[in-house]
Amino acid sequence: MVFEIPWLLPSSMGPAAGSSNVDSARAGKASRAGAKAARLVKVVRMIRLIRLVKLYKYFSNKKRKEGTIVPADDETDIPPESRLGSEMSDRTTKRVIVGILFMLIVIPLLQANEYEYSDQLQLQMIFDRRVSLADTESNVESRVSNWRFSEDYFLNNTSCVFLEYEGFNDGQHNIGIIPTSRSSRDSLRVIEKTAITIFDADQSKSLAAEFDLSEKADEEALSSILLTSFVIILLAVGTMAFSHDVNNLVIIPIERMVQLVKEISVNPLGGNHSLDAADIKRMDDGMETTLLLKTISKIAGLMRVGFGEAGAEIIAKNLNISNEDGSGKSLSLLGKGNKIHSIFVFCDVRNFTDTTECLQEEVMLFVNRIAYILHGIVVQYDGAANKNIGDAFLLTWKVDPLCLHSCEALNYYGDKAVLSLVKTMILMRRHEEFLCNFSSRSLSALYERMPRYKCKMGCGLHFGWAIEGAIGSDKKIDASYISPHVNWSEFLESSTKAYGVPLLMSEPFFELLSPVLKKHCRQVDNIRKGETEEVTGLYTFDANFDVVDVKRAKKNFDVVTDSQQNISQHVRLDEASNLSSSNRISNRKTLHKRRTQFSKVNKGVTQRKHPSLARPAASSLLGEAPDVSMPFFMVDVWDVDPEIRELRKYAITDTQRKVWNRGFDAYVKGDWSLALVCFNDINDTTSGGDGPAQFLLSKMEEHNFVVPPDWKGFRDV
């Protein structure tokens, strides 16, 4: 390569000083012919040099990985190059190369282009037509019309600001009429205008015109400004690009680690310490700093999922106590609890005992799929999952007692709790394939025991106080709520079966609802749980979840009458019974990665469908998880949401609700004869009968439809 650099060569290696011009001329042609070959040789040499460098790097990295490089005596204390350092070096080199190439491409584009005007050709045509007016007297009007048309077209479609004829005595005007929107010739600078003059053969006649070049001058000035701005921006972008790599690879991960450590030490579960999928995607995998950050984030996420919302405050309190007293040797768990006010929602899966016997080990998938939908929706509407008790789930919405005076101050938590359950039941019906995606053996047992099985839930909603605290010892603790109001929500859920409704609400909870939602609910009973307790009204939200548009694919979930037909019909499902024991253990571990009440819901993202129907999607061992993202809450959602309107359309109508209210008032006041007529009317006019009407009729039938002597408008339960 040295021979390709002219200034390194001595002068004696150049052409001889005494060489004649003839010899130089003879050698000129040959030298020009060999110039192209010389350039090709340069390119080939550069390519070979680059390949040698790459091969050197490849074998160096390979030896470093294999540990075969023996460092010199003065390099024994130098650690091997980290992936972070290597990445920084590579990125810096790439940034420099891209910046230079960008300059070579953009700078020519920012230089002003010369205008190529056709004005002179048009002026020549106008001049020739004006001269032709004096040639002959025939067709004068036609020639005048053509000349005037050419002149008008020229003046209106060019940047001409002055037009003057000289030497013409044909009676036509000698000064062109310039449009008024044009700039005055006197207002233009010298560099902003140009002149063109056309003469005839004897130069007795002429046509002079001046044109506005301000646009060209502006463009040249703009190009200069853009070029200067480009250089400034390129320098700024280059600086930011280099600092961006340092920030992303070093500074930001270290700052995040420090921040996470501080947050966890102060409140280990209160904040969002774990990284979501978007954060992980933005970070560079494999860097030493990001590996540490992900490890801290995973620990925080596991703590949050394991302890729950109630446990978060308990653990944070104990960590703060340990830091303050300086001991840090033991945990103080057996202390007093905290009194809180909350909405308690207890959800129970129907026919869970039979389902467990049929599904066996796959019942874990079944429960966690339901939790995936339920918890994902509850979190989006400001709720939290507290307990998972096999077939039941306890959900909470903590409430500030000072905000009970209005729904707005309460942030519509009551409406959000009901909406979460309604949306959950809709998605459970719509995504039955996801919930019931089991092996053919399990499905055969499930449908043989419960033909036309549908996954359903009953929910009880109550509002009241509770004591939040830790129960256990230093070996194991559970964060829990202790209160009769928690048991109330469980009682309400168990009563949904008797009343034939999916949702049952207590009167304290009903008072938290907005007027928009209250008008779609009805009172179904008045009860008293004990002589020392107050009378409480029970309410339900009128909706028929059996009419949900399931939108099934071509996969069949019909009733199975023959075991062999069942196996063939459901061959598309996962052969979970053939999974090895190690795979099942791995599945259970992966289930802990599902979205919980303390994880951000991945909105708008559905998991990609796996091409094989015989195995779960690789992205989730729960199966092809559906999208559970919900729209923002609106107060009038009960009237505008198309799904909810569809559910209410097949429940009782407004007219039937009036009949119910009249019958229920009569039932409470002791006029059971009128109540009997109204309840029978409701029961006969609804599709499949009305659950609350049938329940109250059965209770009235126990007394032969005669009001008991001690009737006070409520029942003791």
Side-chain angles (χ1 to χ4, degrees), residues 46-47 49-67 69 71 74-110 225-265 271-301 593 599-600 602-605 619:
M46 292 297 296
I47 294 175
L49 181 60
I50 293 173
R51 293 183 61 188
L52 289 175
V53 173
K54 289 185 176 180
L55 288 174
Y56 170 76
K57 288 185 176 180
Y58 170 76
F59 285 109
S60 298
N61 293 333
K62 184 176 181 181
K63 290 180 179 180
R64 185 179 292 107
K65 293 179 180 179
E66 295 175 353
I69 294 181
D74 56 345
E75 298 179 355
T76 53
D77 296 335
I78 300 178
E81 183 181 10
S82 64
R83 183 167 181 177
L84 178 62
S86 176
E87 183 70 15
M88 286 287 296
S89 176
D90 292 342
R91 290 193 178 193
T92 303
T93 304
K94 292 177 182 178
R95 295 286 191 273
V96 173
I97 295 175
V98 170
I100 294 175
L101 293 178
F102 196 62
M103 289 179 60
L104 296 177
I105 295 173
V106 175
I107 288 179
L109 300 178
L110 296 179
I225 294 174
L226 291 178
L227 184 59
T228 304
S229 302
F230 168 73
V231 175
I232 296 174
I233 293 174
L234 184 63
L235 293 176
V237 171
T239 303
M240 290 188 294
F242 292 128
S243 62
H244 177 75
D245 293 335
V246 177
N247 287 335
N248 284 347
L249 296 177
V250 181
I251 297 178
I252 292 179
I254 292 178
E255 290 179 349
R256 287 291 302 273
M257 281 188 283
V258 174
Q259 180 183 358
L260 284 177
V261 171
K262 289 181 179 179
E263 292 178 356
I264 294 174
S265 62
N272 184 24
H273 305 315
S274 62
L275 302 176
D276 57 12
D279 292 332
I280 295 175
K281 186 177 181 180
R282 284 194 299 267
M283 296 192 313
D284 298 295
D285 293 334
M287 300 296 109
E288 290 79 3
T289 52
T290 54
L291 289 176
L292 291 175
L293 180 59
K294 290 179 181 179
T295 302
I296 298 174
S297 174
K298 289 179 181 179
I299 293 174
K593 298 181 180 179
S599 302
K600 293 182 180 178
N602 192 10
K603 296 184 178 181
V605 179
S619 58

Drop me the distance from [X]'s [atom1] to [Y]'s [atom2], to the nearest 0.5 angstrom.
| X | Y | atom1 | atom2 | result |
| --- | --- | --- | --- | --- |
| I107 | L234 | CD1 | CG | 8.0 Å |
| R95 | M240 | CZ | CE | 11.5 Å |
| D245 | I251 | CG | CD1 | 11.0 Å |
| M103 | F230 | CE | CZ | 6.0 Å |

Using a 4.5 Å cut-off on heavy atoms from C-beta on, say whether the side chain of F242 contacts that of V96. yes
Can you tell me which residue among L226, I232, V231 is in a side-chain contact (heavy atoms from CB on, under 4.5 Å) with T228? I232
